[in-house]
Student: 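Below is a structure I'd like to ask you about.
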Amino acid sequence: MRERLAALRARIDAAATAAGRRPETVELLAVSKGHPASAIREAFALGLDRFGESYAGEALPKTAELRGAGAQWVYLGPVQSNKTRLLAENFSWVLGLCSLKAARRLDAQRPDDLPPLQVCVQVNADGDPAKAGLAPDELDPFLESVRDLKRLTVRGLMTIPRKAVPAAPVTGPPAFEVLAELFAKQIAAGHRWDTLSMGMSGDFEAAIAAGSTQVRLGTALFGPRPAKPGTGTESATGTGTGTETDTGTGTPGVDAHHD
């Protein structure tokens, strides 16, 4: 993992420099879903401290095992209403908020002894019917609706582009450009945001070229996910069409692929 991380950091630095940006303006979010706590410990020892998970049932044993280590836990994916209390009580960040009902529940259920939950709003920037997220023209009304939720702090935007659109070397998928423009518009309107989360293992350099401040890397960092017992396939690949079960071991939603 040390070698993979060094290689990824070099690629991130090179992409940022090529875009005329400082490398330190791009965060590597380690997507640890599907990987054991031992792998997260190794990544933490290498200097990473934020870890992305998409299944509450899978993540909670890890958060318990690593409690006190200083790791921050980031939930990735659309928020189901029946999972909001678990997220509000155990995660520092939510990337994928696009439901006003879920936002209100997270706000109401965030414990008073914890800081506000940090969130990024998910935008379906290229109109992919297989992805969750707000349409670009729904963003302003949504932000107005969540403005008074004091236990949530909106930090920026995130998106997952269509898989059918290959990442071009410079501009990347159209979703990256659309989201970057929306982000710039909101900054100009006075939002004090700092997180534009876009780019995964296969397209993060194009995302950085478009302005991403956070790339979500899992397979490129941790390697292939261990197979679930009895399946012979990688777990949590994000290619299914179901929803998360109460245990967090079910098939992920169609846009659960975050790395």
Side-chain angles (χ1 to χ4, degrees), residues 1-2 4-5 8 27-80 82-97 102 105-106 109-111 113-120 122 155 158 160 195 197 200-201 214-231 233-240 242-253 255-259:
M1 188 185 299
R2 182 183 298 275
R4 289 194 295 268
L5 178 58
L8 287 171
E27 176 195 4
L28 191 166
L29 174 62
V31 180
S32 52
K33 66 178 183 181
H35 294 281
S38 58
I40 299 173
R41 285 189 184 278
E42 183 179 357
F44 187 81
L46 293 174
L48 299 173
D49 60 3
R50 287 188 190 170
F51 299 95
E53 296 282 338
S54 294
Y55 306 96
E58 176 196 328
L60 294 184
K62 300 179 191 178
T63 65
E65 184 173 340
L66 296 169
R67 184 169 290 121
Q72 293 187 44
W73 300 95
V74 180
Y75 181 80
L76 303 171
V79 179
Q80 295 177 305
N82 65 339
K83 294 292 187 291
T84 53
R85 184 173 297 279
L86 291 175
L87 304 188
E89 293 177 349
N90 294 282
F91 286 78
S92 299
W93 284 72
V94 168
L95 268 61
L97 186 65
R105 289 175 64 90
L106 289 169
Q109 294 167 346
R110 183 68 168 174
D113 61 338
L114 294 178
L117 188 63
Q118 310 299 296
V119 303
C120 283
Q122 182 167 347
R155 296 286 293 272
M158 64 86 64
I160 305 172
T195 306
S197 181
M200 300 179 286
S201 292
Q214 181 188 76
V215 293
R216 308 181 299 269
L217 305 182
T219 303
L221 173 66
F222 291 101
R225 292 186 177 88
K228 287 184 179 181
T231 65
T233 60
E234 282 187 38
S235 66
T237 59
T239 57
T243 57
E244 180 187 344
T245 64
D246 287 341
T247 62
T249 57
T251 306
D255 64 343
H257 188 65
H258 283 267
D259 63 351

Student: Hey, does Q214 have a side-chain heavy atom less than 4.5 Å from the side chain of M158?
Tutor: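 When only atoms from C-beta onward are counted, Q214 and M158 do not touch, as no gap falls below 4.5 Å.
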Student: What distance do Y75 atom OH and Y55 atom OH have between them, rounded to the nearest 0.5 Å?
Tutor: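 Result: 8.5 Å between the selected atoms.
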Student: Which pair of heavy atoms, one from F44 and one from A69, lies closest together, and at what distance?
Tutor: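 That closest heavy-atom pairing would be CZ-O, 2.9 Å.
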Student: Tell me if a side-chain donor or acceptor on S54 pairs with a main-chain N or O of G77 at a distance below 3.5 Å.
Tutor: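 Looks like no, no N/O pair under 3.5 Å.
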Student: A side-chain contact here means heavy atoms from C-beta on lying under 4.5 Å apart; do R2 and E42 qualify?
Tutor: no
Student: Could you tell me which residues satisfy side-chain contact (heavy atoms from CB on, under 4.5 Å) with A102, sequence neighbours excluded, listed by chain and number?
Tutor: V79, T84, L97, S99
Student: Under the criterion side chain to side chain contact (heavy atoms under 4.5 Å, CB included), I'd like the reasoning laid out for T195 against L95: C-alpha separation, chi angles, the key distance, then a yes or no.
Tutor: CA-CA 10 Å; T195 306; L95 268 61; 5.9 Å; no
Student: Of all residues at least two apart in sequence or in a different chain, which pass the salt bridge (charged side-chain N to carboxylate O under 4.0 Å, His left out) check with R110?
Tutor: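 R110: no salt bridge (charged side-chain N to carboxylate O under 4.0 Å, His left out) contacts found.
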Student: Under the rule for salt bridge (charged side-chain N to carboxylate O under 4.0 Å, His left out), what residues qualify as partners of R155, not counting sequence neighbours?
Tutor: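 Once residues adjacent in sequence are excluded, the partners of R155 under the salt bridge (charged side-chain N to carboxylate O under 4.0 Å, His left out) criterion are D194.
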Student: Which residues satisfy the side-chain contact (heavy atoms from CB on, under 4.5 Å) test with P111, sequence neighbours excluded?
Tutor: E89, D113, L114
Student: Test of understanding: with side-chain contact (heavy atoms from CB on, under 4.5 Å), list the residues that count as partners of R41, not counting sequence neighbours.
Tutor: E65, L66
Student: Holding to side chain to side chain donor-acceptor pair (under 3.5 Å), I want the full list of residues that pass it with S32, two or more places apart in sequence or in another chain.
Tutor: E53
Student: Is the shortest side-chain heavy-atom distance between L106 and L87 below 4.5 Å?
Tutor: yes
Student: Does F51 reach the side chain of W73, with side-chain heavy atoms less than 4.5 Å apart?
Tutor: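 In short, these two side chains touch, coming nearer than 4.5 Å.
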Student: Donor-acceptor pair, Q118 side chain versus P116 backbone, under 3.5 Å?
Tutor: yes
Student: How far does CZ of F91 sit from OG1 of T63, to the nearest 0.5 angstrom?
Tutor: 7.0 Å
Student: Out of curiosity, L217 CG to E27 CD, how far, rounded to the nearest 0.5 Å?
Tutor: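 Atom-to-atom, L217:CG and E27:CD are 10.0 Å apart.
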Student: Got a sec, which residues hit side-chain contact (heavy atoms from CB on, under 4.5 Å) with L5, two or more places apart in sequence or on another chain?
Tutor: R9, L28, L46, L48, L221
Student: Between K62 and I40, does the side chain to side chain contact (heavy atoms under 4.5 Å, CB included) criterion hold? Intermediate values first, please.
Tutor: CA-CA 9 Å; K62 300 179 191 178; I40 299 173; 3.6 Å; yes
Student: Considering all heavy atoms of both residues, which atom of K83 and which atom of A56 are nearest to each other, and what is their separation?
Tutor: CD-CB, 4.3 Å
Student: NZ of K33 to CZ of F222: how many Å apart, nearest 0.5 Å?
Tutor: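 The distance works out to 12.0 Å.
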Student: Grab the two heavy atoms, one from G223 and one from R4, that are nearest each other, plus how far apart they are.
Tutor: N-NE, 4.0 Å
Student: Please give me the minimum heavy-atom distance between G218 and S201, naming the atom from each residue.
Tutor: N-OG, 3.7 Å
Student: Is there a donor-acceptor pair under 3.5 Å between the side chain of R216 and the backbone N or O of V31?
Tutor: no
